[in-house]
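Count residues from 1 along the sequence.
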Amino acid sequence: MPSPTKNPHLPFGDQRSAPWYGKDIISVKQFSRSDLEYIFGVAHEMRVMVERVGTFDLLKGKILASIFYEPSTRTSSSFIAAMERLGGNVININEVRYSSVAKGESLPDTIKTLECYADVIVIRHPELGSAAKAAEAAHKPVINAGDGVGEHPTQALLDAFTIREELGRMDDLTVTMLGDLKYGRTVHSLSRLLSLYNSRLHYVSPEILRMPPEIIAELEAKGMRQTEHRTLDQALPETDVLYVTRVQRERFESEEVYESVKSAYVLDKNIMSAAKSKMIVMHPLPRVTEISTDFDDDPRAAYFRQMEYGLYVRMALLAMVLGKA
Ligand code: CP
């Protein structure tokens with residue numbers, strides 16, 4: 001469900017009744033199944049428009065402030081591309097050490113500054129809860145582009161859109177999540193979205209990187225069927241979506257512990273011979289060694305297509321929170 005509306009003063013031409021106008025996007029917990037259907041519909045329209053005309057002026061005159069306190073290639077550049085394909089402009093800060101953050105400026109003050117110049121703010125920050133803190137400080141909509149080990153809601157929405165576009169449905173799916181399920185915020189967010197559907201989840205991870213028990217309990221209460229494994233062999237043959245994650249070196253306090261699990265799973269052509277012929281392999285990327293490049297040409301390898309779906313979803317979200325969808 002949308003959060004309370006911010007910025008009630010709409011310029012002429014904006015849609016006052018648009019359900020997501022002025023809302024923050026902080027957690028996937030905000031979304032119902034019908035919200036997802038709505039987003040998928042808008043994202044699909046964006047895809048058609050980009051394929052037909054490339055760039056169009058839906059957000060002409062609007063400005064996005066994009067601030068990343070952690071590295072990013074896909075999320076940062078796809079939000080910029082999304083705004084520019086919609087005819088808007090971007091203030092891009094992806095090296096906060098060159099901003100006043102380096103002088104000790106607080107997160108709320110930085111956000112209050114950016115909203116003087118922009119209509120919407122996208123933020124990635126290493127601290128859990130930072131996006132919510134930014135949203136509290138702002139009168140303009142704030143979109144969470146990843147808050148530490150917390151959530152990455154726009155990634156989960158693009159993941160769900162990828163599944164929907166590639167397999168044509170979200171119900172009756174067996175989804176297997178593989179790798180770092182403890183620190184992987186994308187799997188935390190996606191598993192919550194999948195709980196809105198009639199799906200089954202397998203979690204395959206080393207013992208020390210298990211899906212957090214509180215997320216398992218949260219989904220259990222919603223009736224989600226979940227099974228944990230240490231190896232892939234049992235789950236793979238029935239899997240419709242294999243969601244692979246990177247073991248995130250930057251989240252470990254000990255290099256030795258990271259070394260002990262970093263190569264726990266390496267997906268390749270040989271392993272994938274046990275999988276269905278009609279299924280997809282996803283990965284939020286970047287990858288390190290967990291998917292061998294020898295699998296990239298397989299039609300089931302959806303991870304590069306997944307990045308493109310992200311552009312359409314982020315175009316949809318920007319248009320929605322700015323009252324144009
Ligand atoms: N999937 C994802 O968040 O990638 P980036 O870290 O490159 O943004």
Side-chain angles (χ1 to χ4, degrees), residues 2 5-7 9-15 18-26 38-96 98-99 110-125 131 134-135 138-147 152-158 161 284-285 306-325:
T5 299
K6 293 176 168 179
N7 187 16
H9 305 293
L10 286 164
F12 178 77
D14 284 315
Q15 297 170 17
W20 285 87
Y21 170 71
K23 307 289 193 280
D24 303 309
I25 296 177
I26 304 301
Y38 178 74
I39 293 166
F40 295 158
V42 179
H44 188 79
E45 282 176 31
M46 295 297 179
R47 180 182 185 177
V48 171
M49 286 298 284
V50 169
E51 286 168 359
R52 192 178 295 160
V53 296
T55 298
F56 48 105
D57 280 346
L58 190 66
L59 295 184
K60 189 174 166 61
K62 301 287 187 188
I63 296 178
L64 160 69
S66 172
I67 182 159
F68 279 64
Y69 292 74
E70 273 193 338
S72 168
T73 300
R74 277 144 290 272
T75 313
S76 169
S77 49
S78 64
F79 265 115
I80 293 169
M83 197 62 183
E84 292 188 351
R85 287 208 176 267
L86 291 167
N89 294 98
V90 181
I91 300 166
N92 183 30
I93 303 174
N94 58 16
E95 277 280 12
V96 289
Y98 296 125
S99 74
T110 300
I111 295 299
K112 284 178 197 297
T113 305
L114 292 176
E115 72 174 351
C116 293
Y117 313 127
D119 302 287
V120 54
I121 297 167
V122 169
I123 180 170
R124 172 174 288 184
H125 195 284
H139 295 95
K140 305 275 175 69
V142 170
I143 301 178
N144 180 5
D147 61 334
H152 194 349
T154 68
Q155 177 73 42
L157 293 168
L158 80 86
F161 184 60
L285 302 177
Q306 187 180 346
M307 288 190 285
E308 187 182 325
Y309 292 124
L311 172 68
Y312 310 131
V313 167
R314 288 175 175 134
M315 289 172 77
L317 296 174
L318 290 171
M320 285 163 55
V321 301
L322 291 171
K324 294 288 190 177

Checklist entry - Between E115 (side chain) and H139 (backbone), is there a donor-acceptor pair under 3.5 Å? => result yes
Item to check | Steps toward side chain to side chain contact (heavy atoms under 4.5 Å, CB included) verdict (I93, L114) | outcome: CA-CA 10 Å; I93 303 174; L114 292 176; 3.9 Å; yes
Checklist entry - Is there side-chain contact between L64 and L59, with at least one heavy-atom pair below 4.5 Å? => result no
Item to check | Identified side-chain contact (heavy atoms from CB on, under 4.5 Å) partner of Y312 from the options E45, H44, M49, E51 | outcome: E51
Item to check | Expected output: side-chain K140 to main-chain A118 donor-acceptor under 3.5 Å | outcome: yes
Checklist entry - Parallel, tilted or perpendicular: which describes the rings of Y309 and F161, with under 30° parallel and over 60° perpendicular? => result perpendicular
Item to check | Heavy-atom check, side chain of Y69 versus side chain of T110, under 4.5 Å | outcome: yes
Checklist entry - Is a donor on one side and an acceptor on the other found under 3.5 Å between the side chain of D119 and the backbone of I63? => result yes
Checklist entry - Going through the distances and angles, do M320 and I25 end up as a side chain to side chain contact (heavy atoms under 4.5 Å, CB included)? => result CA-CA 11 Å; M320 285 163 55; I25 296 177; 5.6 Å; no
Checklist entry - Atom CG in L311, atom CZ in R47: separation rounded to 0.5 Å? => result 11.0 Å
Item to check | Heavy-atom side-chain contact between V96 and I67 under 4.5 Å | outcome: yes
Checklist entry - Closest heavy-atom contact between I26 and P153? => result O-CG, 3.5 Å
Item to check | Nearest heavy-atom neighbours spanning S76 and N92 | outcome: OG-OD1, 4.3 Å
Would you be so kind as to tabulate the donor-acceptor pairs closer than 3.5 Å made by side chains of residues 77-88, with sequence neighbours excluded?
| from | atom 1 | to | atom 2 | distance (Å) |
| --- | --- | --- | --- | --- |
| S77 | OG | T73 | O | 2.3 |
| S78 | OG | R74 | O | 2.7 |
| S78 | OG | T75 | O | 3.3 |
| S78 | OG | R314 | NH1 | 2.8 |
| R85 | NH1 | G54 | O | 2.9 |

Checklist entry - Do L318 and I143 come close enough that some side-chain heavy atom pair is under 4.5 Å? => result yes
Checklist entry - Does E70 use its side chain to pair, donor to acceptor, with the backbone of R124 at less than 3.5 Å? => result no
Next on the checklist: What I'd like to find out is whether the side chain of L317 reaches to under 4.5 Å of the side chain of V321, using heavy atoms alone.
Outcome noted: no
Checklist entry - Do M46 and L58 come within less than 4.5 Å of each other through their side chains, counting heavy atoms only? => result yes
Checklist entry - Can you tell me how far the CG atom of N89 sits from the NZ atom of K60, to the nearest 0.5 Å? => result 8.5 Å
Checklist entry - Can you find a pair of side-chain heavy atoms, one from V122 and one from F68, that are under 4.5 Å apart? => result yes
Checklist entry - Residues two or more places apart in sequence or in another chain: which of them pass salt bridge (charged side-chain N to carboxylate O under 4.0 Å, His left out) with E95? => result R97
